[in-house]
Amino acid sequence: MLQISVLRDQTDLVLAGLAKKHYPTGPADVAAILDLDQRRRQLQTSHDAAQAEANELARQIGGLMKTGDKAGAEALKARTAELKQHTQAAAAELAQVEEGQKQLLFKLPNLPHASVPEGRAAADNEVVREHGTKPTLGSDTQPHWELIKKYDIIDFELGNKITGAGFPVYKNQGARLQRALINFFLDQARQAGYTEMQPPILVNEASGYGTGQLPDKDGQMYHDAKDNLYLIPTAEVPLTNIYRDEIIPLDKLPIRITGHTPCFRREAGSWGADVRGLNRLHQFDKIEIVQITEPERSYDALEAMLAHVESLLQQLNLPYRVLRLCGGDMSFTSALTYDLEVWSAAQGRWLEVSSVSNFETYQANRLKCRYRAEGGKTQLLHTLNGSALALPRIVAALLENNQTSTGIELPLVLHSYCGFERIG
RNA sequence: AGAGAGGUGGCAGAGUGGUCGAAUGCGACGGUUUCGAAAACCGUUAUACCGGCAACGGUAUCGGGGGUUCGAAUCCCCCCUUCUCUACCA
């Protein structure tokens, strides 16, 4: 969440940022938060003064009890009772005000970076660059949901039977291709300096709040009510929460970690057109990269992460484009996001396979993820993450773009990972 | 899952109702000493919020939450977690 000090000291900047993100009730919410903040400080000051007096009296009573002056002690207790009433009332209201302020702060999205383009929706996103050549396919071109049946490598019917829609079973060369991609992506990340991690894929409530999935996207996560745990929608959640409530020593920065996990998304209400086949699933595999850096270095880190993801797509020989998301299309928690889309030749459309974002201090503020700056003061770090990469749409593009009459020719880089060069 | 024992500052480890944010040791940092270093000695050594230009002052925090009390690390209740044994499992 945004820092209250920023709302206080740079209100205009905050309002401008919220407007750029097309956040509906910016000025009203900010005003309400600042009102609560003022009340909060009043209450705290008054509470602390009363508590200080009560502490002093308690000390005096202690002294009197020691000398056996019971009457003297009793005389002071009258005043402590008054003070107690006051501190309790103040503490109760303070808790209420703080909770109210927190709820409002949770509702405010992150502020967009200066380079974020103006715009309301996906059509307003800026195409930064396009790379690679779209393949020209013959007239017998098939979309990937036909190809997977033809080669019997991914089975949706079987997934329906076992679980439900959106939970496919990967079979034969399909399963091996999954495993190959996972290994390829993890190896690449490790070579780029990321430390491999294997985190839990169920997380507690505190972690959900830490990275901002809660309370915002409650309905998008699968929830185990019995243990109050959430199935992760992305490895971002467990990986970033490793550093929740930590003060990271300067010499450990930047943090660079990677991990492969299955990801679970309820995708409530988002099923409709264009979700056939592998385009949108309830469960999928993804390799995530995460960086945590000092504020001055986070945008360099963001560019490095983007370059890493691009190199993966280049090695896979997939045509792609890089988008800089506009204010209205960015995620709630992001300050700047690049989306990477691959060309899906048979569908004739771009598919999002990665999203690389800098959250600046928005997540770190919730996470209390800090470092000790020059002069000994603790300061919030910047958190970043990106998909590198999400598997299903990569598989869709690989199948469609590389189809031939004799099978699917896989890119060279995957041959050794797969143990075969062609599907079919 | 059942029984028992624990969870104290960066670490180790005292403290079982009254100036305890917390002894002591180690580590770290600064200083004295030294050509330099080690050793020795002296000092500093948490986080957050509130007030203040600041110096500084106040409040809270001894796994988390609630309670008893004028006063809680210390007593009571709930939860989390670690270890040992038993059960079970991969």
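Residue numbers begin at 1 in each chain, while the letters A, B, ... track the order of the sequences.
Side-chain atoms of A:Y320 and A:Q314 form a donor-acceptor pair, as typed in the model, at a separation below 3.5 Å. Side-chain polar atoms of A:T258 and A:E288 form no donor-acceptor pair below 3.5 angstrom. Under the 3.5 Å distance criterion, with hydrogens and angles disregarded, no donor-acceptor pair is assigned to the side chains of A:Y371 and A:E294. In this model, a donor atom of one side chain and an acceptor atom of the other lie less than 3.5 Å apart for A:Y338 and A:E303. In this structure, a donor-acceptor pair under 3.5 Å is present between the side chains of A:E400 and A:S344.
Along RNA chain B, the nucleotide nearest to A:G63 and the one nearest to A:R41 differ in position, and the one closer to the 5' end is contacted by A:G63. With RNA chain B read from its 5' end, the first of the two nearest nucleotides for A:A54 and A:T45 is the one closest to A:T45.
Across all strands, A:L43 comes closer than 4.0 Å to no nucleic acid atom at all (heavy-atom distances). A:I61 comes within 4.0 angstrom of a nucleotide base, judged by non-hydrogen atoms across all strands.
The stretch residues 24-66 of chain A participates, sequence neighbours left out, in no ring pair (Phe, Tyr, Trp, His ring centres under 6.0 Å) pair at all.
With a 3.5 Å limit on both pairing distances and Watson-Crick or G-U wobble geometry required, the stems of 3 or more pairs in RNA chain B span B:1-7 with B:80-86, B:10-12 with B:24-26, B:27-32 with B:40-45, B:46-51 with B:56-61, B:63-67 with B:75-79.
Nucleotides B:C70 and B:G64 are separated by 25 Å at their P atoms, to the nearest Å. Rounded to whole Å, the P atom of B:G13 lies 9 Å from the corresponding atom of B:U8. Spacing between B:G2 and B:C11 at atom P, rounded to whole Å, works out to 31 Å. B:U44 and B:G51: their C1' atoms are spaced 26 Å apart (whole Å). Across the C1' atoms, B:G6 and B:C88 are found 24 Å apart, a figure rounded to whole Å. For the C1' atoms, the distance linking B:A60 with B:G65 amounts to 15 Å, nearest Å. Taking atom C1' in both B:A39 and B:A48, one finds a spacing of 40 Å when rounded to whole Å. The separation of B:U24 from B:U34, taken at their C1' atoms, amounts to 30 Å, rounded to a whole angstrom.
Classified by interplanar angle (parallel below 30°, tilted 30° to 60°, perpendicular above 60°), the ring pair A:F106/A:Y209 is tilted.
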Check residues 416-424 of chain A and write down every donor-acceptor pair under 3.5 Å in which the side-chain atom is one partner and the other belongs to a residue at least two apart or another chain.
unit_1, atom_1, unit_2, atom_2, d
A:Y417, OH, A:D187, OD2, 2.7
A:R422, NE, A:E409, OE2, 2.9

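Remark: A:E352 engages no residue in a side-chain hydrogen bond (donor to acceptor under 3.5 Å, both in side chains) (not counting sequence neighbours).
For the pair A:D9 (side chain) and A:V6 (backbone), a donor-acceptor distance under 3.5 Å is absent.
Note that the first and last nucleotides of RNA chain B, 5' to 3', having any atom under 4.0 angstrom from a heavy atom of chain A are B:G18 to B:G71.
Annotation: A:F284 is not in aromatic contact with A:F264 [ring centroid separation under 6.0 Å not met]. Aromatic ring centroids of A:H113 and A:Y299 lie under 6.0 Å apart.
Against RNA chain B, the stretch residues 70-91 of chain A makes heavy-atom approaches under 4.0 Å through A:K77, A:T80, A:K84.
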